[in-house]
Every structure is written in structure tokens, then in C-alpha cells.
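What follows is a single structure, written as C-alpha cells, with notes after it.
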Number of protein chains: 2
Amino acid sequence: MKTDICELLGIEIPLLAFSHCRDVVAAVTNAGGFGVLGASSHTADELEAELAWIDDQVHGRPYGADIVVADKFEGKGERLSGDQLLARIPEQHKTFVAGVLTEHGIEAAHDEVAGILGQALSDDKGEQLLDVCFRHPIKLIANALGVPPQYMIDRAKSEGVPIAALVGAKEHALKQVRAGVDVIIAQGTEAGGHCGEVSTMVLVPEVADALRAEGSSVPVLAAGGIVTGRQMAAAVALGAAGAWTGSVWLTTPEAETAPHTVQKMLAASSRDTVRSKGRTGKLSRQLKSAWTEAWAAEGAPSPLPMPMQSYISEPSLRRIDALAERGDEGAQALATYWVGQGVGLMNRQKSSRDVVLEMAEDYLDAVERLKTSLDG
Amino acid sequence: MKTDICELLGIEIPLLAFSHCRDVVAAVTNAGGFGVLGASSHTADELEAELAWIDDQVHGRPYGADIVVADKFEGKGERLSGDQLLARIPEQHKTFVAGVLTEHGIEAAHDEVAGILGQALSDDKGEQLLDVCFRHPIKLIANALGVPPQYMIDRAKSEGVPIAALVGAKEHALKQVRAGVDVIIAQGTEAGGHCGEVSTMVLVPEVADALRAEGSSVPVLAAGGIVTGRQMAAAVALGAAGAWTGSVWLTTPEAETAPHTVQKMLAASSRDTVRSKGRTGKLSRQLKSAWTEAWAAEGAPSPLPMPMQSYISEPSLRRIDALAERGDEGAQALATYWVGQGVGLMNRQKSSRDVVLEMAEDYLDAVERLKTSLDG
């Protein structure tokens, strides 16, 4: 196959795979796609080890990295420690979370600190991680939240590595391209994780048209709901150069998704996800569970701004995952993870390599179907 | 072009156009697509005149009709008059609507009766309208809300006319096909009017897979957000036999959309719509306006069940449309109409015929793009 993104990244299949798991990244790259490692949950040393491992596996085949650098958030620039941020969490929220856990038979965990999250969102950490990334032969650097900071854009340019950014609205796409972004990922509301309200079917052509009207030839990747090759073909029909995917890798054996959550995902239909502020403070799509329901219930406190909400949600959700694995029913009811509506099409476990190869085949079938629609 | 739906309906372009306006229906059918008249807002006599007019225009080319027959609703089977239903509306709701109008400088209208709505939703009216439809050479009868009642299915079968139904979830598609429906319209959350929460990109393959697993070969039409030919191609890539559209016709000169609303639509981006219960009592997507905001505001009463909410919203919205045309600013802020997120791609007015021809051309371009992605 050949699209603008295949040429830009030197890949055979216009399929990008975002994953926090190095095994997924390497497997996708080795199968002809393009793996992108979610780097922000690592320390600099850990990231160094992950990328060295990937280098070892892919033998020069292309891959990339993704760093979450938020535009603005509570405590940004104040150099607060995790403890200091935690101290800013209202008692009401701590009590609420403790109540939700207790109702489900779980000991309250609201005083744990998920310090890494605050660090992950700070500029300092971002620069450190960028340094690590650019010591490796990455072929794309992506930023998942807002316009990348200037130092990130400058660094990518000076390293000769294209920089990508996610958008949920055409106005954001224009802003990103004006700031110097090289690849736009137009992510629809059906996507897992942070997402906007416009669907992939509408957003991709709307973004592509807006860029063309601006005279930009920046390639657009379609994201949101895409877990099959026919959807990747739909993306190209809509004007995208390929697909950016995340959810579909979560149920592969290479991913580190909590096993109980994998089972929930394989059983889920597309209506089993919800956009909720209960995990990060911004709307992000995830499996519906007693946790998301609790935050949506009448009388629940308003979720806190980023990254504060994560300080109360992440420690609880980690404990929940661990208990769910041991068969705790309360924890199983609460367990959730980010995933898009495409989860309704993820019905059996297969290896990351098989996902790539089946998507390529399904893409070819879809093109054949379209050709037949003309031949009659 | 040739897909299952082209063969079933005898059309050249797999494009179905739902419209309340006979001029749109005739223009689409005459351009090689398939017009479907929204019949429920008419009395039997009016409908007879509309269909006779269409017959006169299309010279035997195929078209269809759509009748809204709800599964269940307040007052169903009780044979209540509009006045009796109106009497069931709580004072709180009348006062609220009067307040919203007054705030925008409009005299309160809450005691008007939109009797036709209640009639439109009753079985009696449905049977009458069906009788009228089958006196004309319709090639498809569609039901937009829930599983069609048995008498409707039986009648369609005995007349040899395929029956279509809209669904927003795969479970509903299975239910419909088991009941005898011949064409499934899988309508994503981006659609105008009543819609579910699953996006077209996910819903279409999910429904197609579920039907295949059931051994059904019923054709699936994709609906929701589709206003261009590249999206129609995406629909076919996803496994649909064609596209069911509604929004794109609203801004054509053949439509009877209030002119002020047409201007709002042409200026709107995909983020200017919202799913609200404020118009019919069920979630339906429409232009964001001061009206939809009022129903979403804290302290607003919960919308009433169908068809009660329409009794308070429709008379007000008609008055609003009339005042908006005369330049009333309060009315212009309140004016809204059903439209999907595809409104973001509807940026200039063109005739219904040109919409069909441009969509066909854009479809061919998209297929070409996909073929090129294979040739390299």
C-alpha cells in the first residue's frame, strides 16, 4: 500500500498503533505498520530501557513515541510535588471516593500519591523524555494533548523528525498546523481516552477540507473507533492518509491490560463505553462501570481539573484492578479502562501481528467491494 | 454504480434522501438517487396530494415514503385528543417555556395545541397514511422509530414493497430483522433527529457483522453524518449497501427549511449541534441554540415523554421561526432545527440535483483514492 503517511514514515501499511506496551509497538512495526510508544508513564531511565529494547527488536524498522504535554493545568509552572498537589484535593472528593470504594467492599485508598502523573504532565519531565526519545531512531514524535510546546516543535524540526498532534475539531487542526505540526491526527468522539464530540465520519473530511482551504498538504490520520481494515479503508475514502489506532491493541496478548479488563472488553458492545471526567478531569472515553456511574450520579462532586482528578482516581483504580484479578466482585464491578466504541468489534483475542495482517487483508476486501460497486 | 440497494430499489446511485419536502424527493429520484418522503406530518388528504404530485414529476422512477410509528408513548391506545394530551402537561413545564420565550422578548405561546403531532403518532393515523402510500407506486416504506407494528410489516409484505427501519444499536437491528424488516438503516450518533450514542464508523460494521452472524443478508444502509460522496464511499467500505441521508437536503432551495435556519446551518461547524430531549422528549440532534441551552440548564424541568414534549416545544418553535424571519433577535437566538454533525460540511447552498451529482462524483474520486493506495 502507498499513501502520504506510508511515504513519510517508510511503512507498508498506513496503520499507526499507539500503545503503552513496547511489545505491541515492536510487533506492529515488524508486521509492516508503525508502532508508537506512549512514553509519558515512564521515567527517563525506564523509557531509555524501553526504547533500547524496541531498537533491538525492530532492526531499523520505523517506530515513534508519544508524549503527553498538556497546554495548561493546575500547578503547572509551580514545580509542586505530588504531595503538595494532593494537599489541594478537597475533602469532599476524598470522602466521595472513599465512599464509592467502601460501598463495593474495598478499603479506601484516597491518601496514596500517584506522583508520577503530576511529573508526567510537567514541562521538565517532557524535556527529559524528549531527550531520551531523540537518542533513539524514532521516525515520529506525537503529542496527544493540545498544541505541542514550542521547544518540542523546535526540537523535532532540528532532529528532522516529523511531529504529530491529536485534534478533535477543525479549529484545533488549523492551530496545530500553523504552529508547525507535520501530521494531524483527527480523532473522533468514538475514540478511547480524551476525545471531543465530533464523530470520525464527519471530523476527518472536515479537517481535511479546512487544511486544504488553508493551502496545507499536511497528512491527516483518522482516529476514533478504527479497529478493522474496512474502517481503515473508510478513513482513506474520507481523505485520510491512514489510521491512528489505540483500543484494538488493548486485548492483544502483547498488551499489559489487566486480564479482567481484557475480558470485559472482549464481551463489550459499542454501547458499553462512556465519556466521563471521572478519571482525569477531562472528558475521556472508557468502559462503563460502577466507577463511571458513581461520578455521573446525582450528588457526585464535580471532577477536579487535570491532573488533580488523576490523583484521586489512579491509586483507586490500580487497587481495583489488583482486587478484580483476585476475583473480588466489588472491584470487578468498578474496574474500567480507556477504550473506544470500537470495542464492540473486538470480540476475540489475537496477536498484534495478526491484528495488523487481518486489518491489511480487510482493507483490500473493502477496496474490492468499492471497485465492484462501480463495475456493477 | 451497483450495490445490493441499487438492485433492490432499481436506482443508479446508492443514495437515499429522506425529506419532508416533495420537491427534494422528486429531484433526488430524478437525478438517479432515491427520494423518501417523510409522510407523518401530513393528513391523509395532504399526503395523497403530495404523492400524486411526486408521481407526476418522476415518471415512474422509484421513490419511497417514511412513516413515524412509535412503539409506545403517553396516551397511546387511549384515543386522546390533542386538548386532552395538552391538559396532561405539568404547569411547571408551561411556565418554564413561557419564561424562556419571555426572556427572549417573545410572547408566551404555551397554550397552543399542535394536535397534528399526537395524531401523527397514533396507530389510526399510521394505518390511514399507509393506505394512501400504497395507492401510489412506492418502492420502499420506512419506519423511523422502533420496530414497525405488525400490521405495517404485513401490509408491506402483501404489497410486495420492502420495509426499512432505522436502528442505533446492533441489538435493535437483530430485533428488526427477526420481525421481518427488509432493509436496515444503521444510524450513528452524528445523525440529525432521533439518534443513539454509537458512531456511524462503528455502528455500520457492528450491525453488518451481527446480521451476517445471524445468517441474514438484509442490506444495511449507513446513516449519520453523511453529506458527501466520500462519506458514501466510506459507508460502502464499512459494509453498507449505500447511504441514507437527511441533513444535506435541508439547505437546498427545494427544502422548506426556515430561511434563517438555513443560514445558521450553512455557517455552522460540526460542533454546533447537540443531542437534546428538549424538542420531542427523546434525545434528538439539532442545532445548538438558546432553546437547547435552556433545556440543558440547571433547574430546567425534565423533558416530558413523547409526544407530550412536542406539545410544548412545537408551537413555540414555529412562532420562533416566524419571528426569526422578521429579524427578531431573540427569536434568532432561540431558532433551531434537527440536523446532524455533517452540517459542518454543508457550507454553500446547492440544488438537490447538484447534491446528488456531486456526491456521485465525490464517490468516484474516493474509490480512485483507494485504488491508488494499492497501486502505490
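In what follows, every chain begins at residue 1, and chains take the letters A, B, ... in the order their sequences are listed.
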Which pair of non-hydrogen atoms, one from [X] and one from [Y], has the smallest distance, and what is that distance?
{"X": "B/Pro205", "Y": "A/Gln231", "answer": "CG-NE2, 4.0 Å"}
{"X": "B/Met201", "Y": "A/Gly224", "answer": "CG-O, 4.2 Å"}
{"X": "A/Leu345", "Y": "B/Val202", "answer": "CD1-O, 4.2 Å"}
{"X": "B/Arg369", "Y": "A/Leu238", "answer": "NH2-C, 4.2 Å"}
{"X": "B/Arg230", "Y": "A/Ala237", "answer": "CB-O, 3.2 Å"}

As a quick check of understanding, evaluate side-chain contact (heavy atoms from CB on, under 4.5 Å) for B/Leu374 and A/Met1, giving each step before the final call. CA-CA 5 Å; B/Leu374 297 187; A/Met1 302 177 200; 4.1 Å; yes
Counting only heavy atoms closer than 4.5 Å, note whether [X] contacts chain B via side chain, backbone, both or neither.
{"X": "A/Val198", "answer": "both"}
{"X": "A/Glu171", "answer": "side chain"}
{"X": "A/Thr3", "answer": "side chain"}

Output the option from A/Gly344, A/Ser270, A/Ala366, A/Gly242 having the highest count of non-hydrogen pairs under 4.5 Å with chain B.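 If we count pairs closer than 4.5 Å to chain B, A/Ser270 comes out on top.
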Select, from A/Glu7, A/Gln341, A/Glu368, A/Lys170, the one with the greatest count of heavy-atom pairs under 4.5 Å involving chain B.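 Most heavy-atom pairs within the cutoff with chain B belong to A/Gln341.
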Against chain A, label [X] side chain, backbone, both or neither, depending on which of its atoms sit under 4.5 Å from a heavy atom there.
{"X": "B/Leu203", "result": "neither"}
{"X": "B/Val236", "result": "both"}
{"X": "B/Thr228", "result": "neither"}

Can you measure from [atom1] ([X]) to [atom2] ([Y]) and round to the nearest 0.5 angstrom?
{"X": "B/Lys2", "Y": "A/Thr372", "atom1": "NZ", "atom2": "OG1", "answer": "12.5 Å"}
{"X": "B/Ser373", "Y": "A/Ile5", "atom1": "OG", "atom2": "CD1", "answer": "14.0 Å"}
{"X": "A/Lys371", "Y": "B/Leu370", "atom1": "NZ", "atom2": "CG", "answer": "10.5 Å"}

Does the side chain of A/Ser269 come within less than 4.5 Å of B/Glu206's, by heavy atoms?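 Result yes, sub-4.5 Å side-chain heavy-atom pair found.
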Check this for me: A/Glu214, atom CD, are more than 12 non-hydrogen atoms of other residues, nucleotides or ligands nearer than 6.0 Å? yes
